[in-house]
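Convention: sequence-line order gives letters A, B, ...; per-chain numbering from 1.
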Amino acid sequence: MAISSASLISSFSHAETIAKPPRIDTANPPNPILLISKCTSLRELMQIHAYSIKSHLHYDVSFITKLVNFCTESPTTSSMSYARHLFDAMSKQDIMIFNSMARGYSRSETPLEAFTLFVEILEDDLSPDHYTFPSLFKACAAAKALEEGRQLHSLSMKLGLDDNVYVCPSLINLYTECEDVDAARCVFDRINEPCVVSYNAMITGYARRNRPNEALSLFREMQGKSLKPNEITLLSVLSSCSLLGSLDLGRWIHEYAKIHGFCNYVKVNTALIDMFAKCGSLDDSVTLFEKMRHKDTQVWSAMIGAYANHGEAERSMLMFERMRCENVQPDEITFLGLLNACSHRGLVEEGREYFSRMVNEFKIVPSIKHYGSMVDLLGRAGRLDDAYRFIDSLPINPTPMLWRILLSACSSHNDLKLAEEVSVRIFELDDSHGGDYVILSNLYARNKKWRDVDSLRKVMKDRKAVKVPGCSSIEVKNVVHEFFSGECVKSRNTKLHRALDEMVKELKLAGYVPDTSMVVHADMSDQEKEIAVRYHSEKLAIAFGLLNTPPGTTIRVVKNLRVCRDCHNAAKLISLVFGRRVVLRDVQRFHHFGDGRCSCGDFW
DNA sequence: ATAGGGTTAG
């Protein structure tokens, strides 16, 4: 098979600048195929290609395949563009070369090119095979192109290529990446005998889409079938433990990993460090971390982030120094951890310094998340105007999330005027987020503007914006128990509610005064308001912990929203009155309560 | 040639 035009090389824009043909022993010409295997750069590859044409050496589809494979191995804009020239120039196209192209595109900046090219070749007489669809699904997953993915899915079914060990996992991955987890589950359920890779794809999908319980239940099912989990299974299971804060299961996975030799994997160790930190046992993270001989960027970032979430900014910063001493390059996530650390401790100058070092010294382009961290850093520290100006100065259009972070800072610092202004900016962009209305409405309530509270609640209802209910969970004897705010307020006779009432009574003796300032209803009596905060989910979970765990042991609670001021006060007193350490993970960070104090120093 | 650790918006 021949290249259709020998002028291909000169038609490629970079060709002139690199044309320095290799020296050729004309008596004994080298085989271009062997040259490719020694090739180290795209430039060299172009030279080899030029040489193969000029010297009229024999080349065939396997030669072109090797050239294209080289280009798609680590795809860049120019290597993919060169590969595309090679592909387009072929007089008769070949499915193996297309597969290589699709694989390259799927990992490139422009994944959907794979789909576009596929549509083009469909008109030619080229039959896709088992290797074609995984790359295409991966491309659609990367581009979050659900519609294109669905089209390809039905085509693969029509061609009878959907029931295959390579195709199924990539199909599951496509649907979970496009946030259609249930479609992914349908694919999974239709597999006759799912292999480990398919289980992994489905478990990972659940974990990534914040459905850890379903991930874990599949993991158990897998073990029931005596399918042997591999290191990838453990990574997803560990990330599910992290989401749930399930320390018991996390420890069990750690033992399992030790027994089955998975602790040699750097990634598994990183996931373990992260899991221990997110399940509230920072000490275990540190122990594992210090034992690791080879530490890469991710391991350092995990530890920096772990200290940050536990409010230990100094240790985060120390970690960064150590990392630099050992010559490990930080990346954008390392800096997210550092900014987060500074933000939780109100270290505005240090945070600004890291931001500017990230940009100037390490040449990392800030992402929207870094901007968010900066708004949080400034806003939380009470520099609300600076935060506002920061958002205004950005080179991008502010997202609702950036304003939302500022709104939440307005709420911490009770700045109703700015909060109203910021809310307007948010609602212009997105008026469906219930949490925004709640923050503003609580601010009105705190300032006794009951009429505004009522009208805002009405607006919220009209726009059908719903608030995520507060939920706290606690793990006791391997079982995770969940509590929702205000749950079973009517059925006051349960053991738990009696325990909670008892707990509040004792706290009051120690000086606890319920803080009802954020309760929004003007027409409630003081007693009703007190009841409203008494049944907050975190108090329910802590009371459950007091009731069901041995005296003196640590109570670990995970909450899905930020902890409220009243619950924070109550937890401090609980740690004193009942002699318990309470570790509370809220959506933002950890609070360690002990001896009547909290590790956050009441700054959160 | 399929699944993949640290961030994921409070």
Donor-acceptor pair (no angle test) under 3.5 Å: A:N230 side chain, B:dA3 base: yes

Is there a donor and acceptor pair, one atom on the side chain of A:D296 and one on the base of B:dG6, closer than 3.5 Å? no

Whole angstrom is fine here: how far is it from [atom1] in [X] over to [atom2] in [N]?
| X | N | atom1 | atom2 | answer |
| --- | --- | --- | --- | --- |
| A:F137 | B:dT2 | CZ | P | 13 Å |
| A:Q588 | B:dT7 | CD | C1' | 14 Å |
| A:L243 | B:dG6 | CG | C1' | 14 Å |
| A:D430 | B:dA9 | CG | P | 14 Å |
| A:Y166 | B:dG4 | OH | C1' | 17 Å |
| A:L561 | B:dA9 | CG | C1' | 13 Å |
| A:N200 | B:dG5 | CG | C1' | 14 Å |
| A:M323 | B:dG6 | CE | P | 15 Å |

Tell me every residue that passes ring-ring contact (aromatic ring centres under 6.0 Å, His included) with A:F87, counting only those two or more places apart in sequence or in another chain.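 Partners of A:F87 under the ring-ring contact (aromatic ring centres under 6.0 Å, His included) test: none.
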
Could you list the residues that satisfy ring-ring contact (aromatic ring centres under 6.0 Å, His included) with A:F276, not counting sequence neighbours?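 A:F276 satisfies ring-ring contact (aromatic ring centres under 6.0 Å, His included) with A:H254 only.
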
Do other residues, nucleotides or ligands put more than 12 heavy atoms under 6.0 Å from [X] [atom1]?
| X | atom1 | value |
| --- | --- | --- |
| A:N397 | CG | no |
| A:R185 | CZ | yes |
| A:M292 | CE | yes |

Passes side chain to side chain contact (heavy atoms under 4.5 Å, CB included), A:T399 versus A:L429? Steps please. CA-CA 8 Å; A:T399 57; A:L429 300 165; over 6 Å; no

Closest to the [X] side chain: [options]?
| X | options | value |
| --- | --- | --- |
| A:A201 | B:dT7, B:dA3, B:dG5 | B:dA3 |
| A:K369 | B:dT2, B:dG6, B:dA9 | B:dA9 |
| A:Y131 | B:dT2, B:dA1, B:dG5 | B:dA1 |
| A:I368 | B:dG4, B:dA9, B:dG5 | B:dA9 |
| A:Q298 | B:dA9, B:dT2, B:dG5 | B:dG5 |

Verify whether the ring centers belonging to A:F335 and A:F355 lie closer than 6.0 Å.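 A:F335 vs A:F355: aromatic centres not under 6.0 Å.
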
Just call it for [X]: base, sugar-phosphate, or nothing, with non-hydrogen atoms closer than 4.0 Å on any strand.
| X | answer |
| --- | --- |
| A:I232 | base |
| A:V196 | nothing |
| A:T297 | base |
| A:R589 | nothing |
| A:G305 | nothing |
| A:I304 | nothing |

What are the residues of residues 264-280 of chain A, sorted by number, that bring a heavy atom to within less than 4.0 Å of DNA chain B?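 When residues 264-280 of chain A is checked for heavy atoms under 4.0 Å from DNA chain B, the hits, listed by number, are A:V266, A:K267, A:T270, A:D274, A:K278.
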
Do any of residues 203-225 of chain A sit with a heavy atom less than 4.0 Å from DNA chain B, and if so which?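 Here the set is A:T204, A:R208.
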
Kindly write out the residues that satisfy salt bridge (Lys or Arg N to Asp or Glu O under 4.0 Å) with A:R357, not counting sequence neighbours, or none if the list is empty.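 A:R357: salt bridge (Lys or Arg N to Asp or Glu O under 4.0 Å) contacts with A:E361.
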
All pairs passing side chain to side chain donor-acceptor pair (under 3.5 Å) where residues 285-300 of chain A contributes a residue, at least two apart: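 Counting only pairs at least two positions apart or across chains, the side chain to side chain donor-acceptor pair (under 3.5 Å) contacts touching residues 285-300 of chain A are A:E290-A:R322.
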
Going by the side chain to side chain contact (heavy atoms under 4.5 Å, CB included) test, name the single residue among A:V375, A:D430, A:I426 that passes it with A:W403.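 Of the listed options, the one satisfying the test is A:I426.
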
Salt bridge flag under 4.0 Å for residues A:E350 and A:R345: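 The answer is no: the pair does not qualify as a salt bridge.
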
